[in-house]
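Encoded as structure tokens, the structure appears first; notes follow it.
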Amino acid sequence: MNPTQQRQIQAFKANRRGYYSLWIFLFIFTVTLFAEVIANDKPILAHYKGDLYFPIFKVYPETAFGGDFETEADYRDDYVTTLIEEDGWMLWPLIRYNYTTINYNTPGPAPSPPTTENWLGTDDQARDVLARIIYGFRISVLFGLILTIVSSTIGVIVGALQGYYGGKVDLFGQRFIEIWSNLPALYLLIILSSFVQPNFWWLLGMMLLFSWMSLVDLVRAEFLKGRNLEYVKAAKALGVSDRTIMFRHIFPNAMVATLTFLPFILNGSISTLTSLDFLGFGLPPGSPSLGELLAQGKANIHASWLGLSAFFTLAIMLSLLIFIGEAVRDAFDPRLAER
């Protein structure tokens with residue numbers, strides 16, 4: 001690790017708010033990656049007549065536990081529970097609800113307020129709010145990460161080509177971006193959603209068509225400046241290939257400014273998915289979505305736990321990402337090296 005990298009790490013750690021936000025965000029995200037083990041309507045492990053079963057990983061018929069039907073066992077059913085516990089035991093997740101599980105024993109009509117069984121209450125279909133938040137957090141972050149990585153990669157390549165070659169490549173590239181960036185992305189999504197049922201990958205592809213332009217101008221400017229530097233001209237004179245010059249000599253300098261924008265692009269990607277879900281043009285109905293939970297809170301003003309749960313989840317998630325972005329910006333700020 002060279003001195004510059006050491007300075008950047010120290011500068012990142014010096015921003016305590018961003019440094020601790022990174023660890024908090026990583027902890028929450030890591031926990032949600034194992035959502036099936038934390039919130040599920042199936043046991044993690046079942047021991048029946050000396051045999052071990054793993055219901056969260058494999059489907060077992062009811063007859064495997066002495067039941068009457070060949071269909072998948074409903075482990076929340078009292079009959080199945082009694083059959084298993086007579087000759088064994090079950091290890092349940094912390095939350096005994098999946099994001100699709102309906103609680104038929106709520107104390108009142110759905111949406112029902114928080115109880116010891118449903119810690120954040122239920123939504124308008126009697127589904128556990130906390131379970132849907134855990135799964136929805138994972139989907140939102142994964143969607144944002146994939147969209148950020150792919151769109152940033154495309155944007156960096158396009159900006160590098162425009163900035164390095166200039167001339168007609170830059171001219172036609174800029175005109176295309178001007179036209180493409182003015183297309184109404186939201187209206188296109190609304191129109192296409194009437195023909196195709198949106199899903200995770202469909203939304204990702206549609207958003208990718210318009211989100212790759214966020215870094216083009218920044219990378220283009222860095223390459224326009226870098227191609228005229230003395231060491232780049234010397235490399236050209238020595239016969240070094242354009243690809244080597246672009247990605248070995250100029251690209252590291254352009255990445256300094258690019259990396260500082262990535263947390264903010266991730267923030268925007270998550271906000272976009274939440275907005276689409278809130279408007280009803282996002283993930284399919286029934287998917288664990290923070291935007292859909294916000295829409296439920298808007299439609300059920302009396303059920304304050306719906307809107308508040310979604311609001312605080314999004315506020316904490318986006319605030320952590322903003323704090324991390326500020327710390328990354330400080331890490332690559334050359335002025336801090338002088339301090």
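The figures that follow rest on heavy atoms only: side chains count, while hydrogens, waters and symmetry mates do not.
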Crowding at CZ, F261 (>12 non-hydrogen neighbours, <6.0 Å): no
Is there a side-chain contact between P113 and W305, using heavy atoms and a 4.5 Å cut-off? yes
Sequence neighbours excluded, which residues qualify as side chain to side chain donor-acceptor pair (under 3.5 Å) partners of E86? none
For a quick check under 3.5 Å, do Q6 and Q10 share a side-chain donor-acceptor pair by atom type? no
Below 4.5 Å, heavy atoms only, C-beta onward: do F143 and L283 meet side chain to side chain? no
Under a side-chain separation threshold of 4.5 Å, the hydrophobic residues clustered together with I301 are none
Looking at residues at least two apart in the chain, or sitting in another chain, which of them share a salt bridge (Lys or Arg N to Asp or Glu O under 4.0 Å) with R248? none
If you count heavy atoms of other groups shown closer than 6.0 angstrom to OH of Y231, is the number above 12? yes
Would you check if V31 and I134 make a side-chain contact, meaning some heavy-atom pair closer than 4.5 Å? no
Of all residues at least two apart in sequence or in a different chain, which pass the salt bridge (Lys or Arg N to Asp or Glu O under 4.0 Å) check with D41? none
Is the side chain of Y48 donor-acceptor paired with the backbone N or O of M90 at a distance under 3.5 Å, no angle test? no
Would you please name every residue forming a side chain to side chain donor-acceptor pair (under 3.5 Å) with T116, sequence neighbours left out? none
Can you check whether Y164 reaches F251 side chain to side chain, under 4.5 Å on heavy atoms? no
Just so I know, are the side chains of Q162 and V219 near enough to count as touching, which here means a heavy-atom distance under 4.5 Å? no
Parallel, tilted or perpendicular: rings of H47 and W89 (30°, 60°): parallel
Side-chain (Q296) to main-chain (D124) donor-acceptor, under 3.5 angstrom: yes
Residues that D123 engages under salt bridge (Lys or Arg N to Asp or Glu O under 4.0 Å), provided they are two or more places apart: R127, R132
Listed partners of K225 passing salt bridge (Lys or Arg N to Asp or Glu O under 4.0 Å), at least two apart: E222
Can any side-chain N or O of S287 pair as donor or acceptor with the backbone N or O of S289 at less than 3.5 Å? no
Exceeds 12 heavy-atom contacts within 6.0 angstrom, atom CZ of F34: no
Applying side chain to side chain donor-acceptor pair (under 3.5 Å), name anything that partners Y20, two or more places apart in sequence or on another chain. none
Quick one: are N118 and L130 in side-chain contact, heavy atoms under 4.5 Å? no
Any D128 side-chain heavy atom under 4.5 Å of T101 side chain: no
F323: what forms a ring-ring contact (aromatic ring centres under 6.0 Å, His included) with it, not counting sequence neighbours? none
State, to 0.1 Å, how close V80 and Y75 come at their nearest heavy-atom pair, and which atoms those are. CG1-CA, 4.3 Å
Give the other cluster members for L308, using side-chain heavy-atom distances under 4.5 Å between Ile, Leu, Val, Met, Phe, Trp and Tyr residues; answer none if it is isolated. F311, F312
With side chains defined as the heavy atoms from C-beta onward, is the minimum distance between I322 and F264 less than 4.5 Å? yes
When you measure from the side chain of T122 to the backbone of S112, do you find a donor-acceptor pair of N or O atoms at a distance under 3.5 Å? yes
Given side-chain contact (heavy atoms from CB on, under 4.5 Å), test L294 with L314 step by step and report yes or no. CA-CA 10 Å; L294 278 175; L314 286 169; 3.4 Å; yes
Parallel under 30°, tilted from 30 to 60°, perpendicular over 60°: which one fits the rings of F210 and W180? parallel
With sequence neighbours excluded, what pairs up with R175 under the side chain to side chain donor-acceptor pair (under 3.5 Å) test? E178
Measure from NZ or CZ of R76 to the centre of the six-membered ring of Y97 and say whether it is under 6.0 Å with the direction within 45° of the ring axis. yes
So among V150, I157, V156, which one has a side-chain contact (heavy atoms from CB on, under 4.5 Å) with I154? V150
Sorted by chain and number, sequence neighbours left out, ring-ring contact (aromatic ring centres under 6.0 Å, His included) with F12 holds for none
From Y19 OH over to I9 CD1, what is the distance, rounded to the nearest 0.5 angstrom? 10.0 Å
Should we say atom CH2 of W23 is surrounded by more than 12 heavy atoms from elsewhere, each under 6.0 Å from it? no
